[in-house]
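The structure appears below as structure tokens.
Each residue takes its place number in the sequence, starting with 1.
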Amino acid sequence: MIRNRLAVVMAEKNIKSISELHRMIQEKDMTISRRTLDKFYNNQNNNISYDTLETLCTILDCELHELLVLQK
């Protein structure tokens with residue numbers, strides 16, 4: 001199963017909430033819906049687009065392997 005580390009990466013970057021992350025995304029004229037962020041944050045999303053992953057990595061200044069992990 002692939003799990004995300006969005007909460008961990010956000011904590012490392014001192015981003016305290018999904019609302020704050022969503023504002024950061026909008027300030028860079030990028031788009032991810034709040035619902036998508038909520039579902040991804042809570043590992044409730046089975047499908048995530050490459051665009052969403054790219055946006056998150058850009059905003060969080062991280063690499064994909066820092067955001068996603070394969071859990072056995």
Take atom CG in L70; do more than 12 heavy atoms of anything else shown fall under 6.0 Å from it? yes
Residue pairs passing the side chain to side chain donor-acceptor pair (under 3.5 Å) test with at least one member in residues 1-14, sequence neighbours excluded, are N4-N43
What pairs of residues pass the side chain to side chain donor-acceptor pair (under 3.5 Å) test when at least one of them lies in residues 51-70, not counting sequence neighbours? S49-T52
Taking C-beta and beyond as the side chain, do F40 and I18 meet within less than 4.5 Å on heavy atoms? no
In Å and rounded to the nearest 0.5 Å, what is the [atom1] to [atom2] distance from [X] to [Y]?
X: L67; Y: I48; atom1: CG; atom2: CD1; answer: 8.5 Å
X: C57; Y: L68; atom1: SG; atom2: CG; answer: 7.5 Å
X: M10; Y: I59; atom1: CE; atom2: CD1; answer: 12.0 Å
X: K72; Y: M1; atom1: NZ; atom2: CE; answer: 14.5 Å

Ignoring hydrogens and angles, write down the donor-acceptor pairs under 3.5 Å from the side chains of residues 24-34, residues two or more places apart or on other chains.
from	atom 1	to	atom 2	distance (Å)
S33	OG	T36	N	3.0
S33	OG	T36	OG1	2.8
R34	NE	D38	OD1	3.2
R34	NE	D38	OD2	3.4
R34	NH1	S19	OG	2.8

Would you kindly confirm whether I2 and V8 end up in one hydrophobic cluster when ILVMFWY residues are joined by side chain heavy atoms under 4.5 Å apart? no
Is L56 reachable from L64 through a run of I, L, V, M, F, W or Y residues, each pair having side-chain heavy atoms under 4.5 Å apart? yes
Taking all heavy atoms of L21 and all of L37, pick out the closest pair and write down the distance. CD2-CD2, 4.0 Å
